[in-house]
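First listed ligand is number 1; within each ligand, the first listed atom is number 1.
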Amino acid sequence: MNAGSGSGRLVTQNGEWLSGGVTTTESPTDDLGFDPDALRDKYRRERDKRLRADGNDQYIEVKGDFAYFVDDPYIEDDERIEREPITDEVEVVVIGGGFGGLLAGARLAEAGITDVHIIEKGGGFGGTWYWNRYPGAMCDIESYIYLPLLEETGFMPAEKYTKAKEILSHSRAIGEHYGLYDNAIFQTEVLGSEWDESTRRWTVRTSRDDAIRARFIIMSSGPLHRPKLPGIEGIDSYRGHSFHTSRWDYDYTGGDPEGNLTGLAGKRIGIIGTGATAVQCVPHLGAAAEQLYVFQRTPSSIDVRDNSLTDPEWAASLEPGWHRERMDNFNTLVSGGFTDKDLVMDGWTSIIGKFIDIAKKQGDGFSIANVGQTMELADYVKMNEIRSRVDSIVTDVDTAEALKPWYRQFCKRPCFHDEYLDTFNHANVELVNTDGRGIDSITEKGIVANGVEYEVDCLIFATGFEVGTSYTRRSGMDLSGVGGVTLGDKWDTGVRTFHGAFSHGFPNAFIVSHVQGGFTANFPHNLDEVSSHIAYVIAELKARGCDRVEATQEAEDAWVDEIIETARDAADFLESCTPGYYNNEGNPSVRAVQNGSYGKGSLEFFALIDRWRQDGDLAGLDLS
Ligand code: NDP
């Protein structure tokens with residue numbers, strides 16, 4: 001039943017049932033205290049006003065006048081490497097030194113393969129956590145499952161949600177533990193790689209004129225690698241200071257990832273974007289700037305953080321295998337599976353508890369057929385809580401209203417913070433809510449939104465990263481495979497892989513990614529599964545005396561069909577969501593679906609590739 005339909009009942013923005021101004025007892029979902037139909041309608045209206053024909057094209061590439069936006073601000077002048085081009089030969093080149101590349105290096109080392117170059121654009125290992133050092137940066141997933149290789153390296157994070165600095169130092173510790181520094185090549189960008197069938201080698205070319213020969217290459221350039229900027233009129237006319245959050249300019253702001261941005265005293269700061277990054281840095285900007293304007297198009301959902309120090313007794317009580325068990329437990333719960341215990345117990349997994357409560361109330365009326373409907377109800381309960389939290393913290397009623405998210409929890413990346421909302425109670429902080437439209441333009445002096453010009457001394461782009469653009473554009477490189485066919489050309493009409501990791505026509509090349517593989521909120525979990533999968537294949541090849549492996553055309557075609565087929569399950573959900581990079585900016589087309597992940601979820605995907613390895617016949621791969 002829709003709001004205001006037939007019965008004369010109305011529903012408030014909070015989803016409460018009203019009749020003639022009095023809350024009625026006639027709701028079809030009395031126990032819940034809200035009308036699901038009314039909420040669904042509200043969500044649809046909020047989505048519709050954000051849908052735009054230009055989708056991903058609303059963003060511009062960071063190049064030309066903006067090329068300096070991606071310079072590395074974290075390398076001191078005396079750390080800049082000058083060197084001759086490298087032209088050696090190794091067993092494996094891994095492209096990217098983030099968690100994906102580190103895990104690939106670690107799992108290869110465990111399989112006895114150590115002749116490995118990890119080539120990394122940044123000045124050291126860390127990837128995402130090398131680049132994203134903005135104030136307040138921290139883990140949003142529990143650190144006991146987010147940080148990889150905890151048991152292997154014997155490391156225990158200091159807090160339940162650890163800070164960026166500790167994550168970066170753990171990345172370095174992984175590099176040390178597995179000897180990955182010995183052959184690592186930093187401050188070097190891979191531009192492309194060519195396959196030579198006669199020698200069965202790849203030649204990897206870089207920004208430093210290297211031509212490194214490798215039997216195998218593993219591409220792990222990361223999904224959120226290339227910052228993006230909004231293609232707003234006048235973006236190149238701004239004359240004040242500006243930077244993207246992934247290259248934080250501490251020379252300007254002062255302070256460090258812990259905050260203390262003393263350089264902002266007396267400054268007017270504008271920040272565009274209210275995603276997971278902005279949510280973490282806004283409290284620090286608000287604490288330091290004379291005036292902070294937060295330009296919002298869509299509010300994030302801000303759930304409870306509730307961080308705590310790691311209990312040493314608990315840590316000492318953990319039995320071997322605990323890390324894998326905890327990762328699997330979390331992944332089961334966030335992938336829609338069930339277990340009798342919730343080990344992590346946080347805002348990511350709590351929706352499942354609500355689901356179970358509702359299902360229990362339905363008693364005999366609950367069946368497998370209404371799982372989707374029950375999950376939707378649990379989602380409404382969850383999001384009502386999130387919206388109530390805004391009211392309980394933000395004192396100005398209009399600001400509170402503007403900060404409420406109207407979409408399902410996993411339509412956009414959920415956020416968790418205990419200071420963000422309160423920042424808007426401060427007199428020097430103003431939320432400029434554009435109600436879904438985004439900012440109008442950028443001028444020499446500042447930002448125009450809702451027809452008003454806001455002059456700022458510094459403009460910070462918290463506008464995220466390219467996701468829906470082509471793989472070759474995002475990774476900054478292309479492969480030339482069998483017969484000179486490029487990966488860019490092959491994937492022009494959509495990604496084509498087998499298991500997300502192998503692509504026909506590109507022998508001995510492997511991809512560490514969630515695309516056509518398993519997507520999970522705990523991203524490093526997937527990176528580990530894929531890295532182990534690839535290390536297994538390379539080790540098997542060597543054990544069988546082979547030196548060439550390629551996905552068969554048939555296996556790849558079948559896998560792509562399965563990706564498209566299984567993704568249909570998620571299509572309705574994605575289509576109902578407010579636009580963002582989770583649903584290709586509101587356009588979950590067949591191509592976007594093909595470029596997405598395995599529709600049955602990461603739980604099933606990990607089980608599937610595990611079974612494939614157990615079978616041991618490397619079905620779908622040609623070995624020679
Ligand atoms: P996002 O892509 O999530 O956010 C970009 C923001 O910019 C959105 O709020 C978007 O609004 C806004 N925006 C874009 N164009 C305009 C415009 N024209 N006018 C006004 N606003 C605009 O980027 P983030 O860097 O915040 O996060 C990216 C991802 O990085 C996260 O989703 C998460 O996966 C990861 N991350 C993880 C963290 C962790 O684990 N600790 C911390 C931070 C990030 P709209 O929503 O309307 O599109």
A.B. asks: For atom 26 (O) of ligand 1, which of T162, T128, T277 has the closest heavy atom?
C.D. replies: T277
A.B. asks: What residue and heavy atom of the protein are closest to atom 40 (O) of ligand 1, and at what distance?
C.D. replies: R413 NH2, 2.9 Å
A.B. asks: Identify the closest protein heavy atom to atom 41 (N) of ligand 1: which residue and atom is it, and at what distance?
C.D. replies: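 The answer is M138 O, 2.3 Å.
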A.B. asks: Just to confirm my output: which protein heavy-atom neighbour is closest to atom 14 (C) of ligand 1, and how far is it?
C.D. replies: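 Atom 14 (C) of ligand 1 sits closest to the protein heavy atom Y59 OH, 3.4 Å.
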A.B. asks: Can you confirm whether L459 sits close enough to I447 that some side-chain heavy atom of one is under 4.5 Å from a side-chain heavy atom of the other?
C.D. replies: yes
A.B. asks: Please check if the side chain of K404 supplies one atom and the backbone of D391 the other of a donor-acceptor pair under 3.5 Å.
C.D. replies: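 Not a single qualifying donor-acceptor pair exists.
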A.B. asks: Taking T566 for the side chain and G599 for the main chain, is one N or O donor matched with an acceptor at less than 3.5 Å?
C.D. replies: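 Yes.
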A.B. asks: Take every heavy atom of G580, measure it against each atom of ligand 1, and state whether any distance is under 4.0 Å.
C.D. replies: no
A.B. asks: Report the relative orientation of the aromatic rings in H514 and F523; use parallel for angles under 30°, tilted for 30 to 60°, perpendicular for over 60°.
C.D. replies: perpendicular
A.B. asks: In this structure, does ligand 1 have an atom that sits under 4.0 Å from one of the heavy atoms of K412?
C.D. replies: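 The answer is yes: ligand 1 sits under 4.0 Å from a heavy atom of K412.
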A.B. asks: Heavy atom under 4.0 Å from ligand 1: found in Q280's side chain, backbone, both, or neither?
C.D. replies: side chain
A.B. asks: Check ligand 1 against G438 and write out every atom of the ligand that is under 4.0 Å from a heavy-atom position of the residue.
C.D. replies: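 Listed by number with element: 19 (N), 20 (C).
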A.B. asks: Short N/O distance, under 3.5 Å, between W129 and ligand 1?
C.D. replies: no
A.B. asks: Just to be sure I read this right, does ligand 1 sit under 4.0 Å from the backbone of P230, its side chain, both, or neither, counting only heavy atoms?
C.D. replies: side chain
A.B. asks: For the residue pair R133 and Y130, would you count it as a cation-pi contact if the rule is NZ or CZ under 6.0 angstrom from the ring centre and within 45 degrees of the ring axis?
C.D. replies: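 Yes - R133 lies over the ring of Y130, closer than 6.0 Å to its centre and within 45° of its axis.
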A.B. asks: Between C139 and ligand 1, which part of the residue brings a heavy atom under 4.0 Å of the ligand: side chain, backbone, both or neither?
C.D. replies: backbone
A.B. asks: Select the closest option to atom 19 (N) of ligand 1 among I447, I439, T578, judged by heavy-atom distance.
C.D. replies: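 Result: the heavy atom closest to atom 19 (N) of ligand 1 is in I439.
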A.B. asks: Just to confirm my output: which protein heavy-atom neighbour is closest to atom 32 (O) of ligand 1, and how far is it?
C.D. replies: Y581 OH, 2.7 Å
A.B. asks: Which of the numbered atoms in ligand 1 are under 4.0 angstrom from any heavy atom belonging to G273?
C.D. replies: 6 (C), 7 (O), 9 (O), 12 (C)
A.B. asks: Please report which non-hydrogen protein atom sits nearest to atom 2 (O) of ligand 1, along with the residue it belongs to and the distance in Å to one decimal place.
C.D. replies: G464 CA, 3.7 Å
A.B. asks: Considering only heavy atoms, does I232 approach ligand 1 within less than 4.0 Å through its side chain, its backbone, both, or neither?
C.D. replies: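 For I232, the contact with ligand 1 is made by the side chain alone.
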A.B. asks: For ligand 1, which atoms sit closer than 4.0 Å to a heavy atom of F465?
C.D. replies: 25 (O)
A.B. asks: Please report which non-hydrogen protein atom sits nearest to atom 10 (C) of ligand 1, along with the residue it belongs to and the distance in Å to one decimal place.
C.D. replies: R297 NH2, 4.3 Å
A.B. asks: To the nearest 0.1 Å, how far is atom 30 (O) of ligand 1 from its closest protein heavy atom, and which atom is that?
C.D. replies: L224 CD1, 3.4 Å
A.B. asks: Looking only at N/O atoms, are Q296 and ligand 1 under 3.5 Å apart anywhere?
C.D. replies: no
A.B. asks: Among side-chain atoms of N433 and E401, is any donor-acceptor pair under 3.5 angstrom?
C.D. replies: no
A.B. asks: Would Y252 and F243 count as a close aromatic pair, with their ring centres under 6.0 Å?
C.D. replies: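 For Y252 and F243, the ring centres are not under 6.0 Å apart.
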A.B. asks: What I want to check is whether the side chains of R50 and T298 have a donor and an acceptor closer together than 3.5 Å.
C.D. replies: yes
A.B. asks: Measure the distance from atom 42 (C) of ligand 1 to every protein heavy atom, then report the residue, atom name and distance (to 0.1 Å) of the closest one.
C.D. replies: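 Residue, atom and distance for the closest contact: Y134 OH, 3.2 Å.
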A.B. asks: Using heavy atoms and a threshold below 4.0 Å, how should the contact between A462 and ligand 1 be classified: side chain, backbone, both, or neither?
C.D. replies: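 The answer is the backbone of A462.
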A.B. asks: Are there over 12 heavy-atom neighbours, none belonging to E455, within less than 6.0 Å of that residue's CD?
C.D. replies: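 Yes - once you tally the heavy atoms of other residues, nucleotides and ligands closer than 6.0 Å, there are more than 12.
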A.B. asks: For M477, is there any backbone N or O sitting under 3.5 Å from a side-chain donor or acceptor partner on T472?
C.D. replies: no
A.B. asks: Against ligand 1, does Y407 come closer than 4.0 Å with any heavy atom?
C.D. replies: no
A.B. asks: Less than 3.5 Å between some nitrogen or oxygen of Q58 and one of ligand 1, yes or no?
C.D. replies: no
A.B. asks: Quiz question: by atom type and distance under 3.5 Å, do the side chains of E166 and H170 form a donor-acceptor pair?
C.D. replies: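 There is no such pair between these side chains.
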A.B. asks: Taking T310 for the side chain and A158 for the main chain, is one N or O donor matched with an acceptor at less than 3.5 Å?
C.D. replies: yes
A.B. asks: Check ligand 1 against T463 and write out every atom of the ligand that is under 4.0 Å from a heavy-atom position of the residue.
C.D. replies: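 Counting atoms of ligand 1 from 1, those under 4.0 Å from T463 are 5 (C), 7 (O).
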A.B. asks: Charged N to carboxylate O under 4.0 angstrom, E258 versus K163?
C.D. replies: no
A.B. asks: Are the side chains of H244 and V62 in contact, using a 4.5 Å heavy-atom criterion?
C.D. replies: no
A.B. asks: For a quick test of reading the model, state the closest non-hydrogen atom pair linking E575 to R47 and the distance between them.
C.D. replies: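 For E575 and R47, the tightest heavy-atom pair comes out as O-NH1, 2.7 Å.
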